[in-house]
Amino acid sequence: MNSLRKFYQAILDILYPKKCVHCGVVGAYLCDACLTRLPLKTNYWEEGLLTLFDYEQPVAKKLIWLLKYKGVRDVAPLLADLIYEHIIEDLAEVEQFSPATGKIFIVPVPLSRQREKQRGFNQAEELAKHLVAKDEKLFYLESDNLIKIR
């Protein structure tokens with residue numbers, strides 16, 4: 001089954017190649033040149049929440065839109081890499097932090113059943129899975145503790 005999925009993905013890549021959301025270069029949803037110029041928020045840790053980008057920033061908005069509304073799951077690893085890079089940098093600066101003291105819990109916000117059925121997946125959970133996969137000794141995915149009630 002895995003080889004069939006790879007074959008299907010190869011066909012899709014030929015018919016609909018990945019293009020940089022900023023400059024249009026074929027090969028990735030964000031090319032290396034645009035990645036290095038991607039403006040990040042300077043105060044991205046606010047009230048315990050991590051926000052790397054201003055959502056009104058066009059490149060970030062397009063990437064999130066692709067993941068959230070177009071179901072382009074290939075964007076999740078890219079965003080997870082960016083988040084991981086910045087979390088690790090910040091944690092290295094915090095002297096009290098030690099992976100021996102415990103793991104960081106990643107809790108994706110659940111979708112309503114209707115919305116998850118429409119999209120086919122929870123984009124927050126998809127992003128969280130890729131972030132946890134970057135360092136399973138540091139992160140722990142806790143996706144069953146929250147329930148969407150409205």
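Position 1 is the first residue of the sequence, and the numbers go up from there.
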Q) Taking all non-hydrogen atoms of both residues, which atom of Ala33 and which atom of Thr36 are closest, and how far apart? A) O-OG1, 2.8 Å

Q. Which value, rounded to the nearest 0.5 Å, describes the distance between Tyr29 atom OH and Lys62 atom NZ?
A. 14.0 Å

**Q.** Distance (rounded to the nearest 0.5 Å) between Lys61 NZ and Lys68 NZ
**A.** 11.0 Å

(Q) Please give me the minimum heavy-atom distance between Cys20 and Leu30, naming the atom from each residue. (A) SG-CA, 3.9 Å

Q: Locate the shortest heavy-atom distance separating Phe53 from Pro39; write the atom from each residue and the value.
A: CD2-O, 4.0 Å

Q) Can Val25 be reached from Leu38 by stepping across I, L, V, M, F, W or Y side chains whose heavy atoms are under 4.5 Å apart? A) no

Q: Provide the closest heavy-atom pair for Leu63 versus Leu79 in the form atom of the first, atom of the second, distance.
A: CD1-CD2, 4.3 Å

Q. If you measure from CG on Leu78 to CG on Leu35, what distance do you get to the nearest 0.5 Å?
A. 6.5 Å

Q. Nearest heavy-atom pair of Ala76 and His130: which atoms, and what distance?
A. CB-CD2, 3.6 Å

Q. Shared ILVMFWY cluster between Val109 and Ile64, side chains joined below 4.5 angstrom?
A. no

Q: Measure across Glu142 and Pro108 and return the closest heavy-atom pair with its distance rounded to 0.1 Å.
A: O-CD, 3.8 Å

Q | Atom pair CG (Asp74) and CD (Glu126), whose distance is rounded to the nearest 0.5 Å | A | 9.5 Å

**Q.** Connected via hydrophobic side-chain network under 4.5 Å: Leu66 and Leu111
**A.** no

Q | Shared hydrophobic cluster for Val107 and Phe121 (ILVMFWY, side-chain gaps under 4.5 Å) | A | no

Q. Got Phe139 and Ile87 here, is their nearest side-chain heavy-atom distance under 4.5 Å?
A. yes

**Q.** Rounded distance (nearest 0.5 Å) linking atom NZ of Lys134 with atom CG of Asp81
**A.** 4.0 Å

Q) Would Lys18 and Val72 count as a side chain to side chain contact (heavy atoms under 4.5 Å, CB included) if you check the C-alpha gap in whole Å, the side-chain angles of each, and the deciding distance to 0.1 Å? A) CA-CA 10 Å; Lys18 297 174 187 169; Val72 180; over 6 Å; no

Q | Sidechain-backbone polar pair: Asn122 side chain, Glu116 backbone, donor-acceptor under 3.5 Å | A | no

Q. Hey, any chance Phe105 and Leu127 share a hydrophobic cluster, counting ILVMFWY side chains that come within less than 4.5 Å of each other, even indirectly?
A. no

Q) Taking atom CG of Leu131 and atom CG of Leu138, what is their separation to the nearest 0.5 Å? A) 8.5 Å

